[in-house]
Structure formats: structure tokens, C-alpha cells
Colleague: 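The structure follows.
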Amino acid sequence: MTMKSKTVLLIFLFCFICTGITAKDADKETSAESDTLEYTLPEILVRGDNSMHSLKMEVIKAEELKFEVFNNLNSTDDFDITCEWRTLTGSRLKHWKCDVEYMRKARAESLSNWRMGGAPMPSDSQLAIRHADKTRALNKEMKALATRYPEMAIAMVNAHEMEQLYVYENQKRYKDSIFVGKQPEPDLVLNKLVIWEAAFTDHKNGAISDEIWKRWDSTYKKIFSIKSYRRMWKKANHKKYREDFVAYVNEIISK
């Protein structure tokens, strides 16, 4: 990959991380070229009357979709990520928590060792240090999958954008609070365009094969069949992108 592409994908490392924003359910279909699922990712719609709770639910939906795509594509069940509502010790409130399978197994093993022989129970932080190599491998695989599968990359971008939009809306509604800092208005389509341009550049430079590029090309043609995304492109500053990429997108838009 080019250095630019590596930089773009690096910001989407695995982490647990207006106008109201919501997303339609994603459609899934089996690819004719493989056993993986191809995802038609949702359109982001703008509404003006969403509560912060409903916006947070949309952030969770985007995160769930990201992990669903990743779980379907990754190489081992140890990397599967699942999320659920949990009541934390000492609290009656439920919190949304995501967990990766190798950490779940490590906790279960530690609990078994404690029950069998009284071995001290390590904290999550201690377990994370012990399994740092697996976390690095998970991050590496997620980046690799985002390069090969546009569904993975865009699901990651969508989750990132939804989180940023939630933070922005929170800042806008509670701008007079000393606990909320000022934040610039987000660009809803910037990340998708940047990562698409990176894939376009890599294909031009021979770092992405024609077979992989066909997936990117097909995915973005589906996305830009949506009127709202075509409008976003027309409003975008085209000078920020390479000329041949702009020409390529304009050809898609014109059709």
C-alpha cells in the first residue's frame, strides 16, 4: 500500500470506542465470487428532531454493523467481537459493552483457575497486557480486510462518522456547558471519499489487484446511486483530490 493509504486506514484501528442522524438497515447478499457476505451499507439520513438517546442508538447500530462485517470476514473466532447491554458492579444502570472473544476466553480460564486452586484473578488491564500480541494481530487483520473489502472499510468509516456526529450534536445542544468543548462541524462524506481515493490510487499504482478494485468500484457505484451522496460530492471541494479520481467519480455521477 502507499503511505497515504496506510495513514488513512491507520485511523480505523480496532477500539471500543445536527441534525439527527439515522441509518436504514443494511442489506446482505452472498457474493458469487466467495462465501463472504456483501453488504449494501445504509444511507445516512438527516433529521432535525432526534433525541440524544436515539442518536446514541444509531451510533450503536453502526458499531454493530462494523463488527458484524468484521466477524464474517476474519480468520478466527478468537477475533470475533460481540456487544451487549450489561449492568456493571455497584450500578443499576446498563452500559453498552463490546468484548473480543480471546479476552472472554482469558477471563473464563482465570475464573476456572481461581475456583480450582485459588489462583489470583488478573484484572482486565493485566489480561490485555498478556494478550497484547493478539490485539496487534487483530488490528493488523482489520486493516488488511479494510483494504481488500470495501464493505469492511466503509462500515468502519460509517461507525467513525456516526460517533463524530453524535459528539458534534452533543456539543451543539449543550454548547453553554463547561464540560463540552467547541468542535468544528463534521464533513459527513470526507472519510468515505478519502479512503476511496486511497484505494483508487493504490489500484493505479498496482498495489491493489484488478479483482479487489472491482469490489471497490462496484460498492461505490451503489453508494453514489443514492441522491444524497451525489449531492455531497457536487458540494465537495474537488481540488482536494487527484484529477483522475475526480474525473472517475464525475463519470459515475453523470450516469
Colleague: Test of understanding: clusters of I, L, V, M, F, W, Y form through side-chain heavy atoms closer than 4.5 Å, transitively. Do Met121 and Leu127 belong to the same one?
Modeller: no

Colleague: What closest approach, in Å, do His131 and Ala106 show between heavy atoms, and which atom pair accounts for it?
Modeller: NE2-CB, 3.5 Å

Colleague: Can you list the other members of the hydrophobic cluster that holds Ile60, where links are side-chain heavy atoms under 4.5 angstrom apart?
Modeller: Met57, Trp85, Trp96

Colleague: In this structure, are over 12 heavy atoms from other groups packed under 6.0 Å from His53 atom NE2?
Modeller: no

Colleague: May I ask you to test the Glu63-Met162 pair for a side-chain heavy-atom distance under 4.5 Å?
Modeller: no

Colleague: Where the side chain of Ser123 meets the backbone of Gln126, is there a donor-acceptor pair that is under 3.5 Å apart?
Modeller: yes

Colleague: From Glu64 CD over to Cys83 SG, what is the distance, rounded to the nearest 0.5 angstrom?
Modeller: 6.5 Å

Colleague: Return the CZ to CG distance between Arg148 and Leu145, rounded to the nearest 0.5 Å.
Modeller: 9.0 Å

Colleague: Under 3.5 Å, side chain of Thr219 to main-chain N/O of Arg215, donor-acceptor pair present?
Modeller: yes

Colleague: Looking at Glu163 and Val59, would you say the former's side chain and the latter's main chain have a donor-acceptor pair under 3.5 Å?
Modeller: no

Colleague: Pairing donors with acceptors under 3.5 angstrom, does anything connect the side chains of Asn250 and Trp233?
Modeller: yes

Colleague: Return yes if some donor-acceptor pair links the side-chain N/O of Glu141 with the main-chain N/O of Ser75 below 3.5 Å, else return no.
Modeller: yes

Colleague: Salt-bridged, Lys61 to Glu58, with N to O below 4.0 Å?
Modeller: yes

Colleague: Could you tell me the separation between the CG atom of Asn158 and the NE2 atom of His160, rounded to the nearest 0.5 Å?
Modeller: 11.0 Å

Colleague: Does Lys239 offer a backbone N or O that forms a donor-acceptor pair with the side chain of Asn237 under 3.5 Å?
Modeller: yes

Colleague: Just by distance, do the side chain of Ser112 and the backbone of Ala108 share a donor-acceptor pair under 3.5 Å?
Modeller: no

Colleague: Are Lys97 and Glu84 close enough that some pair of their side-chain heavy atoms sits under 4.5 Å apart?
Modeller: no

Colleague: Nearest 0.5 Å please: distance from the CZ atom of Arg136 over to the CG atom of Leu138.
Modeller: 12.0 Å

Colleague: Using every non-hydrogen atom in the two residues, find where Ser110 and Pro122 come nearest and quote the distance to one decimal.
Modeller: OG-CG, 3.5 Å

Colleague: Ring centroid separation for Trp213 and Tyr248, is it under 6.0 angstrom?
Modeller: yes

Colleague: Between Val100 and Asp78, what is the shortest heavy-atom contact and its length?
Modeller: CG2-O, 3.5 Å

Colleague: Kindly indicate whether the side chain of Glu243, heavy atoms from C-beta on, has any atom under 4.5 Å from the side chain of Val246.
Modeller: no

Colleague: Report the C-alpha distance between Thr82 and Arg104 in whole Å, list the side-chain angles of each, state the deciding distance to 0.1 Å, and finish with yes or no for side chain to side chain contact (heavy atoms under 4.5 Å, CB included).
Modeller: CA-CA 10 Å; Thr82 55; Arg104 192 189 301 272; 2.6 Å; yes

Colleague: Indicate if Leu111 and Met103 have the same hydrophobic cluster label, given that clusters are the connected sets of ILVMFWY residues with side-chain heavy-atom separations under 4.5 angstrom.
Modeller: no

Colleague: Salt bridge or not between Asp99 and Arg86? Use side-chain N to carboxylate O under 4.0 Å.
Modeller: yes

Colleague: Partners of Trp114 by ring-ring contact (aromatic ring centres under 6.0 Å, His included), sequence neighbours excluded?
Modeller: none

Colleague: State, with a plain yes or no, whether a side-chain heavy atom of Lys240 is found less than 4.5 Å away from one of Glu197.
Modeller: no

Colleague: Working to the nearest 0.5 Å, report the span between CD of Glu68 and CD of Glu151.
Modeller: 12.0 Å

Colleague: Between Arg230 and Ser225, is any side-chain donor less than 3.5 angstrom from a side-chain acceptor?
Modeller: no

Colleague: Can you tell me how far CD1 of Ile154 sits from CH2 of Trp196, rounded to the nearest 0.5 angstrom?
Modeller: 9.0 Å

Colleague: Go through Asn74 and Asp80 one step at a time and tell me if the side chain to side chain contact (heavy atoms under 4.5 Å, CB included) criterion holds.
Modeller: CA-CA 8 Å; Asn74 66 31; Asp80 283 357; 3.0 Å; yes

Colleague: Assess whether side chain to side chain contact (heavy atoms under 4.5 Å, CB included) is satisfied between Arg107 and Asp124, documenting all intermediate values.
Modeller: CA-CA 8 Å; Arg107 290 192 202 96; Asp124 269 11; 2.8 Å; yes

Colleague: Looking only at side chains, do Tyr102 and Thr135 share a donor and an acceptor under 3.5 Å apart?
Modeller: yes

Colleague: Less than 6.0 angstrom separating the ring centers of Trp216 and Phe200, yes or no?
Modeller: no

Colleague: State whether Glu251 and Lys255 are salt-bridged, where the test is any N-O pair (Lys NZ or Arg NE/NH1/NH2 against Asp/Glu carboxylate O) under 4.0 Å.
Modeller: yes

Colleague: Before giving the answer on side chain to side chain contact (heavy atoms under 4.5 Å, CB included), spell out for Leu193 and Tyr241 the whole-Å C-alpha distance, their side-chain angles and the decisive distance to 0.1 Å.
Modeller: CA-CA 9 Å; Leu193 289 175; Tyr241 308 103; 3.6 Å; yes

Colleague: Within 45° of the six-membered ring axis of Phe79 and under 6.0 Å from that ring's centre, is NZ or CZ of Lys134 located there?
Modeller: no

Colleague: With the threshold set at 4.0 Å, does a side-chain nitrogen-carboxylate oxygen contact exist between Glu211 and Lys214?
Modeller: no

Colleague: With distance as the sole criterion, is a donor-acceptor pair present between the side chains of Asp217 and His203 under 3.5 Å?
Modeller: no

Colleague: Can a donor-acceptor pair be found, under 3.5 Å and without considering hydrogens, that links the side chain of Asp77 to the backbone of Glu101?
Modeller: no

